[in-house]
Amino acid sequence: MRQSHLFTKTKKEVPKDEASKNAQLLIKAGFIYKEMAGVYAYLPLGLRVLEKIKQIVREEMDAIGGQEFIMTSIQRKELWEKTDRWNDENVDVWFKSSLKNGTEVGFGWSHEEPITELMKQYLTSYRDLPTYVYQFQTKLRNELRAKSGIMRGREFIMKDMYSYSLDEAQHQTFYDATIEAYLKVFARVGLADDTFVTFASGGAFTQFSHEFQTITDAGEDVIYINREKHIAINEEVMNDTVLKELGVTREELEQVKTAEVGNIFNFGTVKCEQLGLSVVDADGKSIPVFLGSYGIGITRLMGVLVEHFSDENGLVWPEAVAPFQIHLVSLCKDAIDIKKADALYTQLHESGIDVLYDDRDARPGEKFADSDLMGMPVRVVISPRTLEKGEVEIKYRTSGDEKHVALTAVMTEIQ
RNA sequence: CGGAGUGUAGCUCAGUUGGCUAGAGCACCUGGUUUGGGACCAGGGGGUCGAAGGUUCAAGUCCUUUCACUCCGACCA
């Protein structure tokens, strides 16, 4: 991608109506645009990051048997009344509207009910189980107060997966597989060391649910962790009984601030019973279905990555999610040098490398500042100075390490 | 939803006890000089001062209402 053709540009100043680091940096660097409080548009650079994150999640969900589809944003009231989650006392984040004929509808803040209703058409026999489906959907939640930039919006993208299982054991197997898959996701985006499977309140069916919490000051949760034993407990369930059960003492735990990046939940058979989803077993007898739901906040995860990896010069993207792998910055002025820079760009591009080519007619200082701000993992500078020796300069965003490499050796160096 | 704060150019802001044609920096346009860490000179375009109502000879400035945004809290299967 030639930067001269890239839609959006960087800013020197951050908008004053943003206090969170993730929104400030992402707006400054031209990744997102704020429509209103808690509602953000994703510009080409931001969208690339989102798609990279989604692809990682997609691969890991597919690997454990998930099948991607997509539900609707407009939902029927009746389904939510069956589970008593339509009224504002029980769910206070509904956006509601009505059709021209007066029929009330809701905008999806979650999808268990409609997906389970859908499943009634397709799951009829024990032979149909287990079934695992997931989607990337825009969730709409009428939050009383949006905050923390893209980490807590009124409109956000979530991956939500649902498992329909024959029995407790089958459910548990997939539940455990999902924990492993989630850990792989967070490892792949670079958060392995600071993300913890955390015991949290479990609701009616199990003692605990599991949250995936990533350490960040921008988070909203407080958890207690033990890094050696890999145990983490949400403060909301921290008590002596729980400590005893998990075999740790209070003294062994460290208090940290975290953001919830993922969450898995066991609904038992209750949700399916409420909605009338059952299958017949081998004897032709009707039996209840076990439901599990598993979420990862995609846009929130992007926000956490910004909070986690940025520095005073701007964004610092982990390689796996960077919008481009390489930022090729050309300082060339005359036609012959520009031709060489163009050739290098073409070579990198045609090798299948995601490369952003700063071919703009701008001053070096501005280009370097923009490059740092946008945060690609590798910066390659080509200029009259480097070309004199037939070289380019390679600088790594994370470490700041810098080296000069022969023009002919760029490809091998980058691999 | 309770508390606090802020609304003036695309962005960041200044604007005195009410007073003349509402300003600066950044960004943008034109010309020139520059070119390895956000350059400089000259010129230029851009404003319902968040909105509505009121007081006044006169309102960005005072009063009332309202809307939006931010932060703290509450809330967040």
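What's counted below: heavy atoms across the whole structure, side chains too, no hydrogens, waters or symmetry copies. Reminder, nothing fancy here: chain letters follow the sequence lines and each chain counts from 1.
At the heavy-atom level, A:Thr386 lies under 4.0 Å from base atoms of the strands shown. Residue-level contact check: A:Asp372 touches the bases, meaning some heavy atom is under 4.0 Å from a base atom. The residue A:Val14 sits close only to the backbone: its heavy atoms come under 4.0 Å of sugar-phosphate atoms, none of a base. Counting any heavy atom pair closer than 4.0 Å across all strands shown, A:Lys16 reaches sugar-phosphate atoms only and no base atom. Residue contacts for A:Glu393: at a heavy-atom cut-off of 4.0 Å it reaches a base atom on one of the strands shown.
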Only Watson-Crick and G-U wobble pairs with both distances less than 3.5 Å should count. Give RNA chain B in dot-bracket notation, marking inter-strand partners with |.
(((((((..((((.....[...)))).((((((.....)))))).....(((((..]....))))))))))))....

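Taking the six-membered ring where the residue is Trp, the centroids of A:Tyr345 and A:Tyr357 are separated by under 6.0 Å.
Of the residues in residues 149-165 of chain A, A:Arg152 come within less than 4.0 Å of RNA chain B through at least one heavy atom, sorted by number. Listed by residue number, the members of residues 394-403 of chain A with any heavy atom below 4.0 angstrom from RNA chain B are A:Lys395. Residues from residues 20-42 of chain A with heavy atoms under 4.0 angstrom of RNA chain B, sorted by number: A:Lys34, A:Met36, A:Ala37. Residues of residues 288-306 of chain A having a heavy atom closer than 4.0 Å to RNA chain B: none are found.
The base of B:A77 is not paired with the side chain of A:Ser209 by any donor and acceptor separated by under 3.5 Å. Between the side chain of A:Arg145 and the base of B:G3, no donor-acceptor pair under 3.5 Å is found.
Residue A:Asp361 is the one, among A:Glu366 and A:Asp361, whose nearest nucleotide of RNA chain B lies closer to the 5' end (criterion: closest heavy atom). Residue A:Lys11 is the one, among A:Glu143 and A:Lys11, whose nearest nucleotide of RNA chain B lies closer to the 5' end (criterion: closest heavy atom).
The cationic atom of A:Lys54 (NZ for Lys, CZ for Arg) lies less than 6.0 Å from the six-membered ring centre of A:Phe136 and within 45° of the ring axis. Both tests pass for A:Arg48 against the ring of A:Phe324: distance under 6.0 Å to the centre and angle within 45° of the axis.
Sequence neighbours left out, the pairs with a member in residues 3-51 of chain A that pass ring pair (Phe, Tyr, Trp, His ring centres under 6.0 Å) are A:Phe31-A:Trp317.
A gap of 31 Å separates the P atoms of B:G37 and B:C11, to the nearest Å.
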